[in-house]
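Here is the structure we will look at.
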Amino acid sequence: MPESQAPVPRFTWAQVSSRRLARSGLSRPLDGAGPEDVVSALCGAHAQVLSAGEQSVAMRIPGATRATVRDALWTERTLVKSRGARGTVHLLAARDLPMWTGALSSMPDTRNMHRGDGMLTREQTEQVIEGLRVVLTDAEMTADELTEALADHVGSWAGDRVMEAFQGMWPRWFEAMDLATNQGVLCFGPQRGRKVTYTSPARWLPGFTPAPAEVAVPWLVTSYLRAYGPATPQHLARWLAMPRRWAVDTFAALGGALQEVDLDGTRCWVVAGDTAMPESEPPEGVRLLPYFDAYGVASHPRELLFPGRAFERALAGGQAGNYPVLLIDGLAAGVWHQRRSGRRIHVTVEPLSPLTDRQRRLLEDEVERVGVIMEGKPELTVGTVSVGPHA
């Protein structure tokens with residue numbers, strides 16, 4: 001049969017869910033993997049709340065704790081704290097940073113910079129980025145120190161406090177921070193007390209330079225599809241916060257590198273030839289996903305991963321990650337939260353339906369694992385979930 005007439009592979013949600021869970025290290029830990037391997041497999045671990053990012057990575061490695069992840073980030077430097085999908089703070093594998101920066105710096109700018117409201121002009125943006133490249137060559141600086149260094153290097157206008165912030169005003173150069181990060185000029189350094197520091201990615205990866213867009217974009221798309229496929233261009237666009245037209249055109253440009261499949265009646269794509277699926281048995285297990293765990297954020301369709309009442313309770317207006325998720329047999333089945341008091345970690349789980357004896361035992365094991373990862377003594381309370389506008 002000619003290739004153009006070959007039957008389209010058809011998969012059920014149970015098959016796809018089992019495959020994604022395995023590749024994300026949730027159905028079983030990723031044996032032999034280090035933090036950089038886990039982060040690479042996940043296409044980045046969200047780290048706006050760094051403790052949640054540490055937990056996301058460690059829960060996928062046998063015996064790992066948050067210290068394992070911290071060592072990989074700050075001592076071994078196999079991880080780097082930068083910006084990934086949607087411009088949010090992520091832990092990325094240092095070895096992948098050339099691809100991430102090459103891809104992100106080539107994507108459409110959706111932030112409407114240079115809009116003529118007193119912020120940066122195009123020329124000033126270029127001056128700020130070049131200034132950051134110079135002053136961060138071999139340094140770690142707080143925001144205040146960077147503001148002073150840039151004002152000395154490019155002009156006092158860079159430090160003018162003209163950007164509205166949560167409390168007060170930010171200096172003008174902050175508008176170029178995301179762009180500088182995407183271009184591989186800036187990343188996060190170690191905390192200095194309670195203050196964030198910034199540094200050059202080249203200090204993490206000697207010889208670092210962003211990869212060409214024609215190599216980096218296909219790498220990022222296929223990495224996403226290997227982790228979270230089958231998927232559509234719309235799913236990719238939502239994950240990256242990019243225009244749908246860009247995603248559609250990008251899929252089309254990849255041509256034979258992608259393969260069309262059917263997911264429960266929906267036309268989707270995988271990397272060409274990557275059609276192996278687990279046996280038909282549905283996924284099993286109980287997992288506690290922390291804030292913004294990559295699996296809940298990147299997996300689509302949302303209505304299949306968050307079925308029924310879970311769509312209302314475990315999502316915030318359709319936005320994944322704002323609530324830590326109780327995952328049972330591959331489906332969002334409630335929410336949970338943790339509160340630390342000294343070494344004690346109070347874990348409260350709110351399932352949407354009563355737990356079976358088996359699920360309760362698995363949950364207790366998972367809570368014990370949370371205690372090991374977070375280096376504390378856990379205490380479990382199983383509550384009753386509430387659904388509604390005040391949940």
Salt bridge flag under 4.0 Å for residues Arg77 and Asp71 | no
Between Arg161 and Asp144, does at least one N-O distance fall below 4.0 Å, as a salt bridge requires?
-> yes
Distance-only, no hydrogens or angles: does the Arg172 side chain make a donor-acceptor pair with backbone N or O of Asp160 under 3.5 Å?
-> no
Measure from NZ or CZ of Arg20 to the centre of the six-membered ring of Tyr228 and say whether it is under 6.0 Å with the direction within 45° of the ring axis.
-> no
Distance-only, no hydrogens or angles: does the Gln15 side chain make a donor-acceptor pair with backbone N or O of Thr12 under 3.5 Å?
-> yes
Would Arg360 and Glu364 pass as an ion pair if we require N to O under 4.0 Å?
-> yes
Which class fits the ring pair Phe188 and Tyr198: parallel under 30°, tilted 30 to 60°, perpendicular over 60°?
-> tilted
Does a salt bridge link Arg287 with Asp329, judged by any charged N lying under 4.0 Å from a carboxylate O?
-> no
What's the verdict on side chain to side chain contact (heavy atoms under 4.5 Å, CB included) for Leu136 and Val185, showing C-alpha distance, side-chain angles and the deciding distance?
-> CA-CA 8 Å; Leu136 289 175; Val185 173; 5.7 Å; no
Quick one: do Asp274 and Arg23 make a salt bridge, cutoff under 4.0 Å?
-> yes
Salt-bridge present (Arg267, Asp262; N to O < 4.0 Å) | no
Is there a donor-acceptor pair closer than 3.5 Å between any side-chain N or O of Glu130 and the backbone N or O of Gln127?
-> no
Exercise: do Asn182 and Ser105 side chains pair donor with acceptor under 3.5 Å | no
So, the side chain of Ser299 versus the backbone of Gly296: is there a donor-acceptor pair under 3.5 Å, distance only?
-> no
Working for side-chain hydrogen bond (donor to acceptor under 3.5 Å, both in side chains), residues Thr147 and Trp173 | CA-CA 8 Å; Thr147 299; Trp173 75 266; 2.9 Å; yes
Salt bridge Arg245-Asp249, side-chain N to carboxylate O under 4.0 Å = yes
More than 12 heavy atoms of other groups within 6.0 Å of Glu140 CD = yes
Sidechain N-carboxylate O distance under 4.0 Å for Arg340, Glu375 | no
Starting from the C-alpha separation in whole Å, work towards a yes-or-no answer on side-chain hydrogen bond (donor to acceptor under 3.5 Å, both in side chains) for Glu284 and Gln359.
-> CA-CA 10 Å; Glu284 295 183 347; Gln359 290 168 348; over 6 Å; no
Would you please say whether a donor-acceptor pair under 3.5 Å links the side chains of Trp336 and Thr348?
-> no
Any sub-3.5 Å donor-acceptor pair from Asp293's side-chain atoms to Tyr295's backbone N or O?
-> yes
